[in-house]
Amino acid sequence: MLPTKMTEALNNQFNNELQAAHAYKAMATYFSDKGYQGFANFYLVQSKEEDFHAMKFYHFLVTMGEKPVIQGLLEPKSVFENALDVVKQSLEQEKEVTRDIYSLVTLAEELKEHSTKAFLDWFIKEQIEEEDAFRTIIVKLSGIQEGGEYFLKMDEDFSQRTME
Ligand SMILES: [Fe+2]
Ligand SMILES: [Fe+2]
């Protein structure tokens, strides 16, 4: 069992990760619609990763003797200015998740909930990678023209992305 406050906070994050998966699928539709199937694939894989994160919270709650509670999903944004706009918003979303994870760690420390703190370590490292990945793409996209030669090369590269 976990302290009620800890369970609620972990459960909210379980749902946040589901919401993130939902948001990335909506971003994939933006690219599919434009005919950039590599970028769409990148975002569909990203969505799967978020589902994987959600299930980590699910299983942790169950392991600790708690019941995960599914909340409703909000309608995600699927209209964007351009590819760069999508990736910039992805980075903002990831920064928000990082803040959420930090709050969870702070709460776990306050409650002396050491198992939860150990569980959250993985997410701290994961967020460093996620933010770095989007920053790298932003730099690349900032210097090229959408639909141009280098953009299409990126699209081709992204078609190779699979879940790690
Ligand atoms: Fe995540
Ligand atoms: Fe993420």
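Whatever order the structure lists them in is the order used to number ligands and atoms, beginning at 1.
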field: Asp100: side chain to side chain contact (heavy atoms under 4.5 Å, CB included) partners, not counting sequence neighbours
entry: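 Side chain to side chain contact (heavy atoms under 4.5 Å, CB included) list for Asp100, sorted by chain: Gln13, Asn16.
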field: Side-chain ion pair, Glu109 and Lys117, N-O less than 4.0 Å
entry: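 Yes, charged N to carboxylate O under 4.0 Å.
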- prompt: Between Arg161 and Glu49, does at least one N-O distance fall below 4.0 Å, as a salt bridge requires?
  reply: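 So Arg161 pairs with Glu49 through a salt bridge.
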- prompt: Which pairs, with at least one residue in residues 57-71 and sequence neighbours excluded, count as a side chain to side chain donor-acceptor pair (under 3.5 Å)?
  reply: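 Side chain to side chain donor-acceptor pair (under 3.5 Å) check on residues 57-71 returns Asn12-Gln71.
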- prompt: When you look at Asn41 and Gln37, which way does the side chain to side chain donor-acceptor pair (under 3.5 Å) test go after all the steps?
  reply: CA-CA 6 Å; Asn41 175 62; Gln37 303 309 342; over 6 Å; no
- request: Output, by chain and residue number, all protein N/O/S atoms separated from the Fe ion (ligand 2) by less than 2.8 Å.
  value: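 For the Fe ion (ligand 2), the protein N, O and S atoms that sit under 2.8 Å away are Glu50 OE2, Glu94 OE1, Glu94 OE2, Glu130 OE1.
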statement: Cluster membership besides Ile128, Ile/Leu/Val/Met/Phe/Trp/Tyr side chains within less than 4.5 angstrom, sorted by chain and number, is none
